[in-house]
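See structure below.
If you're wondering where the values come from, they're calculated on a predicted model, not measured in any experiment.
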Amino acid sequence: MRGNSHIAFYITTPIYYVNAEPHLGHAYTTIVGDVIARFHRLSGYETFFLTGTDEHGNKVVEAAEGSGETVEAYVDRISSAFKETWPKLNITNDYFIRTTDGNHKATVREILSKVYEKGDIYFSDYEGKYCVGCERFYTDTELTQGRCPIHMNEPRIIKEENYFFRMSKYQGWLIDYIDEHPGFIRPERYRNEVMAFLKEPLEDLCISRPKRRLSWGIPLPFNDDYVTYVWFDALINYISALGYPGGERFKKFWRVAQHIIAKDILKPHGIYWPCMLKAAGIEPYQHLNVHGYWNVNTGKMSKSLGNIVRPLDLADKYGLDAFRYFLLREMVFGLDSDFSEESLVRRLNADLANDFGNLVSRSMTMAVKYFEGLLPAPGKPEEADEDLRGAALKVIEEYKGMMKGFAFHKALIGVWELIGKANKYIDTMKPWALARSDRERLGTVLTTLTEVIKTVSVLIWPFMPQTAEKIQHQLGLERVGSELPLEAPGEWGRTKQVRAISKAPPLFPRVNPEGEKARG
RNA sequence: CGCGGGGUGGAGCAGUCUGGUAGCUCGUCGGGCUCAUAACCCGAAGGUCGCUAGUUCGAAUCUAGCCCCCGCUACCA
């Protein structure tokens, strides 16, 4: 069933700015990317999943000075922190890009030249309110009563010559494009937000900084006294990573590009980036997928222990798969959510331990207890068996639609409805009674159950790869993980050998509300 | 007239785009089962879906107006 490999899929996270170490928000975005990438691999798509780090700009220089390092050493260190975090969260990115990479810098300069030669970059005065202490310009809205929020002094009005990107030229085109491509920015609330912004005239974008003020950046190809402003640098990573313009990957993947971002960087991605692409003569990306924020009540945590929510700590404490599941199940993609360990524990116990883990546990135990793990070929299915199978096949179809639309919580709700039906099926069929009265029927019931569990294992693999594969090994399947495609559950009745020879440990041990592992 | 988000049983949330018996988790109460991780299954109590008007045979869902809460001031996905 790998015949779909000519179908391509390209997904990106933002490149993370290296002035802080990875936190919950970074982890969420990247796990979403991983889930969607794994889903497409499972569906037979040739998939390219990109993440990386954004390393230029003033704040990075300041952060390096603050830690007493050279800029180069500093960016290497923080970039590595990101790069080394992702494997620990089971992130399967195909490439990790850094904006300090030579090929990226070359691509940025190439694009700049192209747009410059086209006449869409011009040199002009920039006048603004500049705080000498901060060494930066402020907009009126950033100022507190007309004063710098940090130094509390009045900013100086100064003029600076800079290069500008003729973004206003593309406003009409962008409005039409978004109109004609309803899913271009999604969910819809963010599309509306961009459209609302585009109702006002778009200003041209200042894309340079003089070197005397900022040297840590990519020099403009047409004026070496200037470096490019961060967004023009950063956004281009999405194509430089593919080897634009001539790279095979660019040809294969760019036309199916999808970005994932959090709502704070909607404007650069929803407006600057499409205009930049248009100016450079490159097709727009396919979808911009925008998610909300995790609101973390850090006050509570710091009171007791003075600790912060760090993704790796949570994964260590509760299990990586539980952590990944929680993030994708709890947040409605696009909306804000509250994060708390309490709600994580609630989901871990209710959804994972009670509903799902226990279903696997009781089913496996019976397969081993009554048939020594070797289930007989199923007999003639009865109505209840067919109903359950029908429900499973229906869930697979709905799941695909939800996943493609980034409705992860709905995809998981569907899977858990199936889990609920399987638990109910056990209670209705009473296999422990069949063990004494009708062994053939017992075999059919247990086979039906293991098929449902197999189906579930495939559907949860993008979210919880370790758990899914553990189950698939227990079921004695020859193909596991990404080798077991989404269509496999349709081949019902093939699971004969269950390998849970002795009692397997629970997939998800229950946790008491204080976060300690409960006594099993 | 700033912009945006939200107001759904005790708590936390889906559902609103594509109107049609109001759903989930936790909690409470009662029952069942014994294969299972004090788990699972069934049942019960509990909601004027912020307010008002409108469209409609029918509105949590669409339209208009109003009220209340929260971000936009902390690094940042």
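B:U18 sits 23 Å from B:G23 when the P atoms are compared, rounded to a whole Å. Nucleotides B:G54 and B:C29, compared at atom C1', are 43 Å apart to the nearest Å. Comparing B:A14 with B:U52, their C1' atoms are spaced 27 Å from each other, to the whole Å. Spacing between B:U56 and B:U63 at atom P, rounded to whole Å, works out to 16 Å. When the P atom is compared between B:G50 and B:C13, the two are found 15 Å apart, to the nearest whole Å.
Ionic pairing of A:K400 and A:E397 is present here: one or more N-O contacts between side-chain nitrogen and carboxylate oxygen are shorter than 4.0 angstrom.
Taking A:R38 as the reference, A:D34 meet the salt bridge (charged side-chain N to carboxylate O under 4.0 Å, His left out) condition, with sequence neighbours excluded.
Two rings, from A:Y190 and A:H269, have their centers 6.0 Å or more apart. For A:F49 and A:F9, the distance between ring centers is not under 6.0 angstrom. Here A:Y272 and A:F232 keep their ring centres 6.0 angstrom or further from each other.
Residue A:R362 places none of its side-chain N or O atoms closer than 4.0 Å to OP1 or OP2 of B:C33. Between A:R510 and B:A39, a side-chain N or O to OP1/OP2 separation shorter than 4.0 Å is present. Listed pair A:N349 / B:U37 fails the phosphate criterion, with no side-chain N or O lying under 4.0 Å from OP1 or OP2.
Which of B:C35, B:C26, B:A14 sits closest to the side chain of A:H409 comes down to B:A14. Checking B:C35, B:U25, B:A14 against the side-chain heavy atoms of A:W432 singles out B:C35 as nearest. Nearest to the side-chain atoms of A:A350 among the listed nucleotides B:C76, B:U25, B:U37 stands B:U25. For A:L335, taking side-chain heavy atoms from C-beta onward, the closest of the listed nucleotides B:A77, B:C35, B:G6 is B:G6.
Residue A:W416 is classed as having no contact, given no heavy-atom separation below 4.0 Å to the nucleic acid. At a threshold of 4.0 angstrom between heavy atoms, the contacts of A:N423 are confined to the sugar-phosphate backbone, with no base atom among them. Within 4.0 Å (heavy atoms only), A:P14 reaches sugar-phosphate atoms of the nucleic acid but no base atom. At a threshold of 4.0 angstrom between heavy atoms, the contacts of A:V332 are confined to the sugar-phosphate backbone, with no base atom among them. The residue A:D355 sits close only to the backbone: its heavy atoms come under 4.0 Å of sugar-phosphate atoms, none of a base. A:Y293 comes within contact range of at least one nucleobase, with a heavy-atom separation under 4.0 Å. Within 4.0 Å (heavy atoms only), A:D338 reaches sugar-phosphate atoms of the nucleic acid but no base atom. As judged by a 4.0 angstrom heavy-atom cut-off over every strand, A:K369 is placed among residues touching the sugar-phosphate backbone only. Among the atoms of the strands shown, only primed sugar atoms or phosphate atoms (P, OP1, OP2) are found under 4.0 Å from some heavy atom of A:Y16. Heavy atoms of A:R347 sit nowhere under 4.0 angstrom from any nucleic acid atom.
In this model, a donor atom of one side chain and an acceptor atom of the other lie less than 3.5 Å apart for A:E341 and A:Y318. Inspection of the A:T467 and A:D321 side chains reveals an N or O donor paired with an N or O acceptor under 3.5 Å.
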Item to check | Test log, rule ring pair (Phe, Tyr, Trp, His ring centres under 6.0 Å), inputs A:F406 and A:F408 | outcome: CA-CA 6 Å; A:F406 279 63; A:F408 306 107; 5.4 Å; yes
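Taking the six-membered ring where tryptophan is involved, the planes of A:Y285 and A:F184 are essentially parallel, since the angle between them stays under 30° and well short of 60°.
Remark: the A:D427 side chain and the B:G32 base include a donor-acceptor N/O pair separated by less than 3.5 Å. Counting atom types as modelled, A:N354 pairs no side-chain N or O with a base atom of B:A39 as donor and acceptor under 3.5 Å.
Nearest heavy atoms, A:M364 versus A:L475: CE-CD2, 3.5 Å.
Stem analysis of RNA chain B (Watson-Crick or G-U pairs, both distances under 3.5 Å, runs of at least three) returns B:2-7 with B:67-72, B:10-13 with B:23-26, B:28-32 with B:40-44, B:50-54 with B:62-66.
Between the A:R347 side chain and the A:A322 main chain, no donor and acceptor come within less than 3.5 Å of each other.
Take the nearest nucleotide of RNA chain B for A:D351 and for A:S363: the residue whose nucleotide is more 5' is A:D351.
Within a heavy-atom distance below 4.0 Å of RNA chain B, the residues of residues 258-273 of chain A found are A:A262, A:D264, A:I265.
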